[in-house]
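Contents: one structure, followed by commentary.
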Amino acid sequence: MASEFSDAFLREAERHAAWGAAQLQALTAFLPEGPWTADLEACRYRQGGLELRVGVLGTYDTSEQSWMWGWANPGLRGTEVVSSSAAVERYGRAHGITELTEGALDLSGFPDPRRAAETLAFTGMGVAGAPGYIGAPAGPATQVYFLPDDPRVPRAGLDAVALPRTLLDGARLIGHSARHVVGGYFDHHGVPHRTEDDRIVAELPGGGAAEVVFDAAGRIAGVEARILP
């Protein structure tokens with residue numbers, strides 16, 4: 001029984017931490033309040049009058065404290081609704097990330113199994129490049145996680161003014177590797193950047209620049225964004 005995630009998985013999770021957290025906020029603001037229904041065969045999710053195309057990323061069994069990827073679900077395997085989940089599995093095989101390639105994971109040994117499940121969902125979202133994920137109760141002991149696949153979902157862009165807060169919040173989310181958080185954020189937004197001894201320097205859109213400095217422990221010590229008028 002595992003009690004923690006592998007370094008390979010955590011490094012991957014960190015790559016998506018900053019942009020993913022901002023994207024989840026954008027998705028939450030976009031989704032209306034209200035009950036939900038889903039038509040898995042049609043890849044449709046409805047909530048509060050809004051209908052979105054989605055895929056099933058995975059499910060969390062709260063009683064067994066176990067996670068199952070959508071691609072491994074016997075009732076969904078090979079169907080269109082788990083195609084994005086299957087892409088996560090292929091990525092895991094290509095990059096040697098065991099947590100993405102095991103169909104079911106026992107999370108009962110983790111200090112907080114529910115948080116571990118959310119971390120799996122968050123990382124799957126990042127690997128798939130989805131604009132967030134939606135967790136919804138599907139029974140007394142089941143939480144299902146959907147990935148939106150709809151162009152109407154807003155994408156959180158790079159905000160140079162909010163950059164220090166965005167990177168610091170992202171670094172606190174998982175707390176494994178701040179350098180991977182920063183590099184992953186700039187990679188996601190297609191921002192050229194270079195790594196120096198104790199810093200990452202990025203060329204911001206519009207001609208500005210950002211400099212992220214790390215301390216001896218690898219934590220973010222400072223973020224300076226220079227924005228051209």
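Below, all heavy atoms of this structure are taken into account, side chains as well, without hydrogens, waters or symmetry copies. Keep in mind that what you see is a predicted model, and the values were worked out from it rather than measured.
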If we only count heavy atoms from C-beta on, is the [X] to [Y] side-chain gap below 4.5 Å?
| X | Y | answer |
| --- | --- | --- |
| F110 | L107 | yes |
| Q47 | E33 | no |
| T37 | R44 | no |
| V82 | W69 | no |
| L120 | F9 | yes |
| M125 | L24 | yes |
| R179 | T195 | yes |
| I134 | P148 | yes |

Same cluster or not: [X] versus [Y], using hydrophobic residues (I, L, V, M, F, W, Y) connected whenever any side-chain heavy atoms lie under 4.5 Å apart?
| X | Y | answer |
| --- | --- | --- |
| M68 | V144 | no |
| W36 | F30 | yes |
| L158 | V153 | no |
| V201 | I220 | no |
| V182 | V223 | yes |

Using side chain to side chain contact (heavy atoms under 4.5 Å, CB included), reason through D7 and H176 one step at a time and then give a plain yes or no.
CA-CA 9 Å; D7 284 345; H176 183 70; 3.5 Å; yes

Interatomic spacing from [atom1] in [X] to [atom2] in [Y] - rounded to 0.5 Å:
| X | Y | atom1 | atom2 | value |
| --- | --- | --- | --- | --- |
| S66 | L105 | OG | CG | 9.0 Å |
| W71 | L57 | CH2 | CG | 11.5 Å |
| F214 | D197 | CZ | CG | 12.5 Å |
| I97 | E102 | CD1 | CD | 12.5 Å |
| H193 | L204 | NE2 | CG | 12.0 Å |
| L52 | L31 | CG | CG | 6.5 Å |

Decide yes or no on side chain to side chain contact (heavy atoms under 4.5 Å, CB included) for F5 and R11, but give the supporting numbers first.
CA-CA 10 Å; F5 290 121; R11 286 194 300 269; over 6 Å; no

Is it the case that over 12 heavy atoms from other parts of the model lie below 6.0 angstrom from the [atom1] atom of [X]?
| X | atom1 | value |
| --- | --- | --- |
| R152 | CZ | yes |
| E41 | CD | no |
| R77 | CZ | yes |

Using distance alone, with no hydrogens and no angle criterion, decide if Q143 and T59 have a side-chain donor and acceptor under 3.5 Å apart.
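Side chains of Q143 and T59: no pair found under 3.5 Å.
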
Is it the case that the side chains of E14 and Y185 hold a donor-acceptor pair, with the cut-off being a distance below 3.5 Å and no angle test?
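Not at all, the side chains of Y185 and E14 share no donor-acceptor pair under 3.5 Å.
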
Taking every non-hydrogen atom, the tightest pair across [X] and [Y]:
| X | Y | answer |
| --- | --- | --- |
| V54 | V81 | O-CG2, 4.1 Å |
| R114 | T62 | NH1-CG2, 4.1 Å |
| S63 | A141 | OG-CB, 3.9 Å |
| E64 | D106 | O-OD1, 4.4 Å |
| A17 | L173 | O-CD2, 3.9 Å |
| H189 | G157 | CE1-C, 3.6 Å |

Carboxylate-amine/guanidinium proximity below 4.0 Å for E12 and R15
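Yes, charged N to carboxylate O under 4.0 Å.
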
Is any side-chain N of the basic residue among R53 and D150 closer than 4.0 Å to the acidic one's carboxylate O?
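Not counted as a salt bridge, because no side-chain N and carboxylate O are separated by less than 4.0 Å.
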
Start with the C-alpha distance between L50 and Y45, add both sets of side-chain angles, then the distance that settles side chain to side chain contact (heavy atoms under 4.5 Å, CB included), and finish with yes or no.
CA-CA 8 Å; L50 176 68; Y45 175 90; over 6 Å; no

Name the one of F122, Y60, W67 that satisfies ring pair (Phe, Tyr, Trp, His ring centres under 6.0 Å) with Y145?
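Checked F122, Y60, W67 against Y145; only one passes ring pair (Phe, Tyr, Trp, His ring centres under 6.0 Å): W67.
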
I'd like to know if the side chain of [X] reaches the main chain of [Y], judged simply by a donor and an acceptor atom lying under 3.5 Å from each other, with no hydrogens or angles considered.
| X | Y | value |
| --- | --- | --- |
| T142 | G139 | no |
| Q23 | A156 | yes |
| W19 | V181 | no |
| H188 | G184 | no |
| T79 | L76 | yes |

